Amino acid sequence: MRGAGDRGKALARWLATGLLVEEVDNTVTLIILAVVGGVIGLLILILLLKKLITFILKKTREKKKECLVSSSGNDNTENGLPGSKAEEKPPTKV
């Protein structure tokens, strides 16, 4: 029978195998494991969000580059390509 003096002692019971097992309160252990698991989960979530954001930014940058490169062909280069403004210049009179 439990009295007022043995509050801090763990309860012990005999198992069917003949072993004496002490019952221990696992509340602190469960709290620690929950905090560690939560921190690990939060780190995984942050890393996944970082990857997703960098992927989206990279795709939007590629679209902007494509728009700048794929112009109509009427540019100021004088490399002799058809449609360039170099051919449209009137001949100079001497």
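These figures come from a predicted structure and were not determined experimentally.
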Undergrad: Which residue in the set Ile32, Ile31, Leu30 passes side chain to side chain contact (heavy atoms under 4.5 Å, CB included) when paired with Val28?
TA: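 Passing option: Ile32.
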
Undergrad: Report the distance from atom CG of Leu57 to atom CG of Leu52, rounding to the nearest 0.5 Å.
TA: 9.5 Å

Undergrad: Measure the spacing between CG of Leu47 and CG of Leu42 and express it to the nearest 0.5 Å.
TA: 9.5 Å

Undergrad: Once you round to the nearest 0.5 Å, how far does CG of Leu49 lie from CD1 of Ile44?
TA: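 Leu49 CG to Ile44 CD1: 12.0 Å, rounded to 0.5 Å.
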
